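Throughout, a chain's letter reflects where its sequence line sits, starting with A, and its residues are numbered from 1. Just so you know, these numbers come straight off a predicted model, no measurement behind them.
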Amino acid sequence: MNMPSLKSARPALSIEELTAAPEKFLDLTITEMHSIPNGTLQEIHARALSAHFTAMVERVPVLALLAEEQHIREISDIAQAGPLLLSHSVYKSYPLSVLENGRFDRLTRWLDKLTAHDLSALDASPCGSIDEWIDFLDANTDIRVKHSSGTTGKLSFVPRSVSEMDTVAKGFMRFFEGFGDEPDAHLTGFESLPIIHAGYRHGAMGQARLLDAVTRYFHGGDDSWVTTSNPGRLSADVLSLGGRIKGAEQRGELGKLKLAPGLLARRDAFEKEQAQSEERTRAFFHDVATRLRGRRVVISGTVPQLVDLAEEGRKHGVMAAFAPDSLVHIAGGSKGRVLPDGYREQIVQFIGINAYPRLGYGMTEMVNATHRACPLGQYHFRPNIVPFIIDPETGEQLPRAGTQTGRFGFVDIAIKTHWGGFLTGDEVTLSFGDTPCGCGRTGAHVDPVIRRYSETEGGDDKITCAGAPDAHNRALDFITRVAE
Amino acid sequence: MAQYHVPLIIRGRIIDHADVEFGGRRGGASFTTPDVKKHVDAIPLGTPSCLSDLYELNFDDILDYLGELHQRMAFGRNSYLQEAFELALSTSGLTEPLLRRTYQLMRDCFEPNFAREFADSSIGIPYLEGWVQKRMGNGAMASIRAIGARAVHVVAGNSPLVSSMTVMRNAVLRSDAIIKTPSNDPLTAAACARTMIEMAPDHPITKHLSVGYWKGGDSSFEDVLYQPKNIEKIIAWGGFASITHIAKYIQPGIDLITLDPKLSSSIIGKAAFQDERTMADAAQRMAIDIGSNNQEACLNARVAYIESGTDEDGLAKANRFGEMVYAALQSLPPALSTPVRRLDPQLAEEILSLKMMSDDHRVIGGGNKGAVIVSQTSEPVDFARILTNRVANLVPVDDLEIPVRSVTAYTQTIGIYPDELKAKLRDRLAFHGAQRFVSLGYAARMSYAGPHDGLEPLRRMCKWIIEEEYDPAETPLPSKSYAEFAL
């Protein structure tokens, strides 16, 4: 196969290279990676999956146990990986009391089973809070834990590491790139665009970690390229507490809630941060209205985050803030929020673009977390994602052909330091790629109608990304009350 | 895929149209039923005084009626019940032997002696039968009566007995019931009603029962039905979401009685661990409380606190006890408990996660035979609320302070061993929210004639009316001397 390379200076990537290092898929343009014939892709997937399994089964204890439970010693066929997808419950299988009692030595031992890094020599017992523990891992290991927004206070922790960061950054850039003859098929100058984000700059959730990766890869770590509506940190502790408070309120058990001592000690810092939030918003819009006004930018956020930003923008008299050819990254879904009528127009008018952009689908467990819909509305996974569809009731794998509806799972073969097999809670309708999408892209693609199983299974207590600031404020109020 | 028809029954009238279809998800049974919206004017009892025909009966007439119904509800002879059973085989969480036994036992709630005890101990038959006189301290001669109400019963589908009990309650309370059936048991209540129509088509008890299926939360129908002019009470069995939904219809004139889901547990004192024989006895009892009806009911034990101690010796005892409980679970008789059809997928994931990731839990068993998870610390698993399908969590403790503090308003039954512990703990357990204490091993042998979930639902299902009569000779009217009256 003769495929053009990402930059002409580099040699083209061969099947062998892609099989040996599937993260290099992200070095290909969208046109290149989605032109790989389905048969070739299957071949790469089968071989890379086998290699990923072999590399991880020795080093990741949870995979070794699961493989033993499923009597799987090696993978020679893609379908063999179907029983090896880890559900989100694995990534939050520590006891909640570990967080409540600040037992970060135990949390580290737990995390050790999920990663290929050896954490056995680490002593995390001095950590007094989740945030401290995350900082401790950042400072002393290559692990860069990503956490979820948390259901009932239990955050899931995915042990991503430095070795995936550049792939994350490249994957983000590819979001904006079109295919074939599409007008945005030749994306240039990405590294000269300021990045605007509607949300917190720091923390260990997907968005903040993404900004870390992007500044590192494209800007040599120069953070001045990034402007966020909140330059502070989205605290994992405060998020977890927010979830626990909500759960405890529903069960009438608020009086039983325990606070880690480390959290109480940080009360003053939290209060200061809260007091600054209005000033920070003002400063952000001042920056937008002056330094960034009319420039071509990259702007990202979830739908509710961008709706809020547009609303604040209107209040601050900032409309059509950026150039019409700005790159807009919107992660789909209302995240449980009821959106106002005309929210799309609000976002379009605030940013100053001509039309509401196509949304993205993906998840924090994938190296490149989002995939923008094609012109026909289908989501095409990058070739480093090997998809599976599982019967939600029986757990059986559905045939890897044609179009299947069921629970979506995948192995991300671009992941280097933990097992990339993950079983989501999403019901999707997926075409395995044997009949290509009308847009011309090869590979598997997903219908835009996506449903979360938890929505029908009493999952109404999940605090989503968009709900996170709400939970954050509620938790801060609680800390203040308890401490008084 | 089997196809069933569920009739709409309005006060003795059977409506058999097949306007709408429900169910049929993933190869399960589906059913057709009339569209309740087309009958929304006929479903509520228009005039409350239409209840008066029930008041021409005396209590013995009601018992006679129930006695005959008891005869006709024999499972082997009742084709309506057999059809309900057939459908339940594919919709219920219970397996075939358990369902069969449940349908065989169903008629017992109509047995006259049971119905009499039930009504008398919950309310007192004289209050149902007439006006009970009582001299009050303020001089009044009061007459008090428990009067029937017009009620919608949103019944649960975890056991078909909920439907038959509702029919019985409605009869002894001389009330008018509209039963909204659950999608996983749409036929049992209808089977009762059809048996009643066949037996006594014009009897007032037959004519005060309506049964229908609509999708819970269908506001185009419920907005119309749930109005004070139509009903006085809503008796709702259901989960958090469904109760929250129904609560929005509460307004002056409508009373909501919620039988929301509860969880039950066990407390096993250190006396159980004195020797192998006592341990085996406690393990057998524990297994019965876990496994009865495959842990589908609120009263089944899910978490058990065991005073084995938490030192090395204590944990060894706890693990040994776990093995014994698991073995006892496997040998329960099939009419009481069986392997499940399929372990709940979410629970299966949690158990697998623990097996792979946790140093703090030992998992005995798994899959469709059930499991015993022995915590190696004094903490229950974080997913205790979804334990089902014969999966229990044993939590070793050094003293009983932990189980007492873990009780919440969501706790229903606590099975306790040995019996002496009950008297010692019951006040404090009750303060924390527990509602029923029972000898370990007897959790499922609930005395239905007692209070239910700490809230006396039967008493709340009627309207309590008082008549007061004053004799001016004994209690002067205030106009003569208001100051004297005020004293």
Side-chain angles (χ1 to χ4, degrees), chain A residues 60-70 83 85-101 103 106 109-114 151-154 156 247-248 250-253 255-256 390-395 405-407 423 425 453-461, chain B residues 25-28 90 183 217 238-245 260-263 341-361 363 366-368 373 375-386 393 395 402 404-411 432-433:
Chain A
V60 180
V62 69
L63 178 62
L65 280 165
L66 183 58
E68 194 184 315
E69 179 110 353
Q70 304 288 350
L85 307 175
L86 298 173
S87 71
H88 64 109
S89 61
V90 171
Y91 290 96
K92 56 180 181 70
S93 58
Y94 57 88
L96 185 58
S97 63
V98 161
L99 301 185
E100 291 168 338
N101 303 328
R103 291 297 306 273
R106 282 178 60 191
R109 282 212 305 279
W110 169 85
L111 189 73
D112 200 11
K113 297 180 185 182
L114 287 170
T151 306
T152 61
K154 222 173 176 186
S156 59
Q250 283 177 357
R251 294 191 300 275
E253 293 171 358
K256 293 188 177 184
I390 307 293
D391 183 311
E393 307 252 310
T394 64
T405 299
R407 190 170 170 186
L423 185 58
Y453 286 110
S454 56
E455 278 167 13
T456 56
E457 290 160 11
D460 53 358
D461 65 345
Chain B
R25 283 178 64 221
R26 302 196 175 93
S90 59
S183 63
F240 192 80
S242 100
I243 301 282
T244 310
H245 171 77
D260 43 344
K262 304 280 179 189
L263 296 173
R341 265 176 286 212
R342 192 164 49 236
L343 184 58
D344 173 75
Q346 196 193 346
L347 180 59
E349 270 172 26
E350 295 286 0
I351 293 173
L352 183 61
S353 299
L354 276 196
K355 268 190 177 175
M356 295 188 298
M357 293 291 294
S358 176
D359 300 325
D360 299 324
H361 303 87
V363 181
N368 70 339
I373 302 166
S375 293
Q376 307 294 302
T377 64
S378 290
E379 287 170 13
V381 294
D382 289 331
F383 54 90
R385 271 175 296 158
I386 64 163
N393 177 209
V395 181
I402 290 172
V404 169
R405 287 177 169 275
S406 70
V407 165
T408 70
Y410 286 72
T411 309
H432 282 269

Atom of [X], atom of [Y] and distance for their closest heavy-atom approach:
X        : Y        : result
A/Leu65  : B/Met356 : CD1-O, 3.1 Å
A/Lys92  : B/Glu350 : NZ-OE2, 4.1 Å
A/Pro392 : B/Pro345 : O-CG, 3.7 Å

Pick one of side chain, backbone, both or neither for [X], based on which atoms fall under 4.5 Å of a heavy atom in chain A.
X        : value
B/Glu379 : side chain
B/Leu352 : side chain
B/Asp344 : neither

Residue list, side chain to side chain contact (heavy atoms under 4.5 Å, CB included) with B/Lys262, at least two apart or on another chain: B/Asp260, B/Cys298, B/Gln412, B/Gln435, B/Asp453
Which value, rounded to the nearest 0.5 Å, describes the distance between A/Arg106 atom CZ and B/Ser358 atom OG?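 One gets 8.0 Å once the value is rounded to the nearest 0.5 Å.
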For the atom pair OG (A/Ser97) and CG (B/Asp360), what is the distance rounded to the nearest 0.5 Å?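 So the OG of A/Ser97 and the CG of B/Asp360 are separated by 7.5 Å.
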Any side-chain heavy-atom pair of B/Lys355 and A/Leu66 under 4.5 Å: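 B/Lys355 vs A/Leu66: side chains apart.
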With side chains defined as the heavy atoms from C-beta onward, is the minimum distance between B/Met357 and A/Val90 less than 4.5 Å? yes
With B/Ser353 as partner, the option from A/Ser93, A/Ser87, A/Ser89 fulfilling side-chain hydrogen bond (donor to acceptor under 3.5 Å, both in side chains) is A/Ser89
Residues two or more places apart in sequence or in another chain: which of them pass ring-ring contact (aromatic ring centres under 6.0 Å, His included) with A/Tyr91? A/Phe422
Contacting moiety of A/Glu68, where chain B heavy atoms sit under 4.5 Å: neither
